[in-house]
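These notes are about the structure you will find just below.
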Amino acid sequence: MIYPIRIDLVPLLKNLIEAIQPYAKANNIQLQMSSFAESLEIYYHPEIIIPDLTRLICRIITFTPQDFFVELDLPEQDYYQKEALFVKITNSGASLIALQSHILEGIKLTTTLNETENNSTEFQIKIPIVSCDESIENEMMSAPESKSNVYYSPFHTGLLRHLKSHFTSIKNLEKSTESMSQRDAIFMKKVNAFILAHLDREGFDTVKLGRALALSRTQLYRRLKPIIGFSPAHYIRYVRLNKAKEFLDQEDLTVSEVAYKTGFASPSHFTRAFHKQFGIKPSEIRQLQNNKNRNTNNS
């Protein structure tokens, strides 16, 4: 699981170009980069972007004739309030349109090709940007206004709003931490990543969380408590229950299946903890979801 990170994209791309230079020189290709800005900070998923850009550049170098150039360009663009940023890679010497199936094989980033003047090719790569205040949309919240005319009582509508506020609080916590300290924000994302990676393991506790973060139990407490306001053990439980609520909302699982999937020893233990956290029983959430599905199917 790789969380999106906030990083300056310009030096990252420059370092990437520098790392590929030996391959370009071995192919007698001049590899260069241009950018409209000296700094450009965005949130993005590194596990997709870095490998895909590396593969694209190397493959374009491979099929570009010797003694020509390949250029990566970060063109001027209005990326604020946008969902994506665009990067261009241009080669010279030969059109690569006929080879696009080979060049784009296995590439996950959305990439379009255009043949330009002077028998060259322009690759436009779409880099998805993750908003720092990204929240998880709850489809059930919009049900009363949806075209399916599914009806929820005022009690159920209020209940769904209450649950959504709890569910988005993990994301909100990361956002508020980001506004205070980049170091703390990164720490919280790592904490969440480890908890979610061991979600179904009942024995994953503060000792194991601390070990994963190279911290003693005491050190973990001292790092985490000032950020979130409660103990690591409490937070592990908190994340488990918020994830359980997501499973009840979005997946066709029984309460027992959700209990074991989120690391609780038994369904009864899970039900008590869930009721204490949210003020209702997980079976009520499951029933709400079942009712929604039936109403949607009948509409």
Side-chain angles (χ1 to χ4, degrees), residues 1-8 12 41-48 50 130-136 162-251 253 257-279 282:
M1 178 185 301
I2 304 295
Y3 274 84
I5 60 172
R6 182 179 178 87
I7 196 169
D8 190 343
L12 178 77
E41 291 192 352
I42 64 169
Y43 283 82
Y44 76 103
H45 290 277
E47 69 173 343
I48 298 175
I50 296 173
V130 182
S131 172
C132 62
D133 60 352
E134 180 184 67
S135 62
I136 302 175
H162 173 71
L163 290 173
K164 183 180 180 182
S165 68
H166 278 278
F167 181 55
T168 58
S169 57
I170 294 177
K171 288 291 182 183
N172 290 338
L173 175 61
E174 290 183 359
K175 176 188 172 183
S176 61
T177 305
E178 174 73 26
S179 66
M180 293 184 293
S181 166
Q182 178 75 5
R183 175 179 170 79
D184 286 344
I186 293 172
F187 177 70
M188 283 306 305
K189 290 181 186 211
K190 289 184 181 294
V191 167
N192 289 337
F194 281 120
I195 295 174
L196 293 174
H198 297 85
L199 193 68
D200 61 347
R201 301 185 185 180
E202 179 189 348
F204 186 76
D205 56 12
T206 56
V207 174
K208 293 180 180 178
L209 177 60
R211 189 179 300 134
L213 294 163
L215 297 172
S216 69
R217 188 173 181 177
T218 301
Q219 289 172 324
L220 176 63
Y221 183 91
R222 289 174 178 171
R223 281 292 309 275
L224 201 56
K225 181 69 183 293
I227 299 174
I228 61 177
F230 41 82
S231 70
H234 189 167
Y235 188 66
I236 291 174
R237 173 72 61 85
Y238 178 80
V239 174
R240 289 186 190 279
L241 289 170
N242 273 272
K243 196 65 179 176
K245 191 267 172 185
E246 178 186 355
F247 291 146
L248 290 167
D249 271 348
Q250 300 178 0
E251 298 191 21
L253 300 174
E257 288 171 331
V258 171
Y260 295 124
K261 192 171 182 177
T262 51
F264 285 88
S266 66
S268 59
H269 182 204
F270 166 64
T271 297
R272 288 193 299 270
F274 193 94
H275 186 269
K276 184 177 181 180
Q277 174 82 13
F278 296 113

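Note that these values count all heavy atoms, side chains included, but never hydrogens, waters or copies made by symmetry.
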If you round to the nearest 0.5 Å, how far is [atom2] of [Y] from [atom1] of [X]?
X      : Y      : atom1 : atom2 : answer
Tyr235 : Thr206 : OH    : OG1   : 15.0 Å
Leu199 : Phe264 : CG    : CZ    : 9.0 Å
Glu202 : His269 : CD    : NE2   : 8.5 Å

Donor-acceptor pair, side chain of Arg240 and main chain of Thr262, under 3.5 angstrom: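 Yes, Arg240 side chain to Thr262 backbone: donor-acceptor pair under 3.5 Å.
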
Check: Lys208 main-chain N/O paired with Asp205 side-chain donor or acceptor under 3.5 Å: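 Such a contact is found between Asp205 side chain and Lys208 backbone.
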
Please list, one pair per line, the donor and acceptor atoms closer than 3.5 Å that link side chains of residues 223-231 to other protein atoms, with sequence neighbours excluded.
from	atom 1	to	atom 2	distance (Å)
Lys225	NZ	Tyr221	OH	3.2
Ser231	OG	His234	N	3.2

pair Val258-Phe274: side-chain heavy atoms closer than 4.5 Å: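 No. Closest side-chain heavy atoms not under 4.5 Å.
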
Any Leu12 side-chain heavy atom under 4.5 Å of Asp8 side chain: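 No, too far: nothing below the 4.5 Å cut-off.
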
Return the minimal non-hydrogen interatomic distance between [X] and [Y], and the atom names on each side.
X      : Y      : answer
Gln219 : Ala214 : OE1-O, 4.4 Å
Leu248 : Pro282 : CD1-CB, 3.7 Å
Ala259 : Pro267 : CB-CA, 3.9 Å

Aromatic ring pairing His198/Phe204, orientation class (parallel under 30°, perpendicular over 60°, tilted between):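 His198 vs Phe204 ring planes: parallel.
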
Modelled atom types, side-chain donor and acceptor of Ser216 and Thr218, under 3.5 Å: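 No pair is found: no donor N or O on one side chain lies under 3.5 Å from an acceptor on the other.
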
Cation-aromatic face contact Lys245/Phe278, 6.0 Å, 45 degrees: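 No, a cation-pi geometry is absent between Lys245 and Phe278.
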
